[in-house]
Amino acid sequence: MQLTARYIRRMPKNITSEEFFRGVTAYIRKHYKKSMLPRLQEHPEDRLTCSAIVYSRLNREIWMVGDCQCMINGEFFDNPKPSEAELAAMRAEEAKRLLATGMSQDELLRDDKAREVIIPRMLETMRQQNISYSVIDGFRIARQHVRIIPLDFRPWEIVLASDGYPILRPTLAESEEELRKLREEDPLNISRFQATKAFHPDFNSFDDRSYIRLKV
């Protein structure tokens with residue numbers, strides 16, 4: 001994430017999407033030792049990996065690489081990993097089974113045994129990155145899984161966010177409030193919203209959060 005952010009800060013303002021994909025890939029790749037490349041080619045789960053959503057003012061486009069989300073004049077768009085919902089459902093079923101055997105919610109929040117069950121499947125999924133879904137990882141980005149949204153020259157209000165906001169709203173305060181309610185109602189994330197991890201008591205959320213709103 002830090003390398004990608006550094007590249008975005010330095011890239012030309014008139015860069016095209018294709019130039020961005022090639023440029024950020026090369027920038028990440030040069031931070032690998034050459035001796036690592038054969039293993040990383042065979043084991044994508046070991047690569048430096050992140051998602052990114054970029055608004056290009058000059059191209060009037062939003063570029064979605066990986067599992068990110070946005071709103072454009074109130075309309076929602078996302079680009080989820082293909083197996084995320086399935087894995088979340090598997091974890092939810094296992095968590096419910098453990099609760100039924102007598103394990104407490106607090107115990108599961110502290111030690112998410114249900115998540116441990118899906119770790120092997122998660123690793124299998126990661127081996128498909130830049131094959132069945134796109135990410136930034138120093139290897140060729142799977143263009144067919146990048147979502148590009150063109151905008152015309154009307155006024156637009158845009159929200160760009162990571163997937164750490166399960167219910168994206170037009171303002172940061174509203175999005176944070178939805179997150180707070182979710183934690184209060186279902187801290188294990190196994191009911192209305194299902195996720196591959198829970199709200200750990202020591203953290204203020206269950207996933208990373210990025211949010212920016214702008215008018216163009």
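- Taking CG from N59 and NZ from K13, the interatomic distance works out to 12.5 Å, rounded to the nearest 0.5 Å.
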Decide yes or no on side chain to side chain contact (heavy atoms under 4.5 Å, CB included) for L179 and F199, but give the supporting numbers first. CA-CA 10 Å; L179 196 61; F199 286 88; 4.0 Å; yes
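- No donor-acceptor distance shorter than 3.5 angstrom exists from the side chain of R213 to the backbone of L172, with no hydrogens or angles considered.
- Taking the side chain as every heavy atom from C-beta outward, E45 and Q129 never approach each other to under 4.5 Å.
- Nearest heavy atom pair, residue G164 against residue S205, reads O-OG, 4.5 Å.
- Considering SG of C70 and CG of L160, their distance stands at 6.5 Å, rounded to 0.5 Å.
- The shortest heavy-atom contact between R169 and M71 is C-SD, 3.6 Å.
- For the atom pair OH (Y55) and CD1 (I149), the distance works out to 12.0 Å, reported to the nearest 0.5 Å.
- Heavy-atom contacts from other residues, nucleotides or ligands closer than 6.0 Å to CD of Q2 number 12 or fewer.
- The hydrophobic cluster containing W156 also contains L214, counting ILVMFWY residues as joined when their side-chain heavy atoms lie under 4.5 angstrom apart, directly or transitively.
- The heavy-atom pair separating T4 from C50 by the smallest distance is OG1-SG, 3.2 Å.
- The salt bridge (Lys or Arg N to Asp or Glu O under 4.0 Å) test with R180 is passed by exactly one of E178, E176, E177: E177.
- Atom CZ of R57 sits in a sparse spot, with 12 or fewer heavy atoms from other residues, nucleotides or ligands closer than 6.0 Å.
- Under the 4.5 Å side-chain heavy-atom criterion for Ile, Leu, Val, Met, Phe, Trp and Tyr, V216 and Y211 are members of distinct hydrophobic clusters.
- The closest donor-acceptor contact from the side chain of S175 to the backbone of L168 lies at 3.5 Å or more, if one exists at all.
- Under the 3.5 Å distance criterion, with hydrogens and angles disregarded, no donor-acceptor pair is assigned to the side chains of N189 and Q194.
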Take L99 and I190, measure what side chain to side chain contact (heavy atoms under 4.5 Å, CB included) needs, and give me the verdict at the end. CA-CA 11 Å; L99 291 170; I190 60 173; 4.0 Å; yes
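- Figure legend: cation-pi geometry between R147 and F77 absent, as NZ or CZ is not positioned both under 6.0 Å from the six-membered ring centre and within 45° of its axis.
- In summary, R97 and E94 engage in a salt bridge, as defined by a charged side-chain N under 4.0 Å from a carboxylate O.
- R127 and P44 get closest at one heavy-atom pair: O-CG, 3.6 Å.
- Within the structure, the side-chain hydrogen bond (donor to acceptor under 3.5 Å, both in side chains) test picks out the following pairs touching residues 75-84 (sequence neighbours left out): S83-T125.
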Chi angles and distances behind the side chain to side chain contact (heavy atoms under 4.5 Å, CB included) call for R140, R22: CA-CA 8 Å; R140 186 182 181 280; R22 290 195 300 269; over 6 Å; no
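- Taking Ile, Leu, Val, Met, Phe, Trp and Tyr as hydrophobic and joining them when side-chain heavy atoms fall under 4.5 Å apart, one finds Y133 in a cluster with L87, M90, I118, I119, M122, L123, M126, V135.
- The CD atom of Q69 sits 7.0 Å away from atom OG of S162, with the distance rounded to the nearest 0.5 Å.
- Residue S134 comes nearest to A142 through the heavy atom pair CB-O, 3.6 Å, listed as atom of the first residue, atom of the second, then distance.
- To the nearest 0.5 Å, atoms NE2 (H145) and CD (Q128) are separated by 9.0 Å.
- For the atom pair NZ of K197 and CZ of F203, the computed distance is 10.0 Å after rounding to the nearest 0.5 Å.
- In summary, R29 and D137 do not engage in a salt bridge, as defined by a charged side-chain N under 4.0 Å from a carboxylate O.
- Under the 3.5 Å distance criterion, the side-chain polar atoms of R91 are left unmatched by any main-chain donor or acceptor of V117.
- Considering only heavy atoms from C-beta on, P155 stays 4.5 Å or farther from K215 through its side chain.
- Contact check for Q105 versus L188: side-chain heavy atoms found under the 4.5 Å cut-off.
- Chaining together hydrophobic side chains whose heavy atoms lie under 4.5 Å apart places V146 alongside L3, Y7, I8, M11, I15, F20, F21, V24, Y27, I28, Y32, M36, L37, L40, L48, V54, W63, V65, I136, F139, I141, I148.
- Closest of all the heavy-atom pairs between A88 and T196 is N-CG2, 4.0 Å.
- The pair D186-R192 fails the salt-bridge criterion, with no side-chain N (NZ, NE, NH1 or NH2) lying under 4.0 Å from an Asp/Glu carboxylate O.
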L109 and H200: side chain to side chain contact (heavy atoms under 4.5 Å, CB included), yes or no, with the steps? CA-CA 5 Å; L109 288 172; H200 192 282; over 6 Å; no
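- Under the 4.5 Å side-chain heavy-atom criterion for Ile, Leu, Val, Met, Phe, Trp and Tyr, I72 and I53 are members of the same hydrophobic cluster.
- With respect to D111 and K113, a salt bridge is recorded, a charged nitrogen being found less than 4.0 Å from a carboxylate O.
- Side-chain atoms of E42 never come within 3.5 Å of backbone atoms of R39 as a donor-acceptor pair (strictly under, hydrogens ignored).
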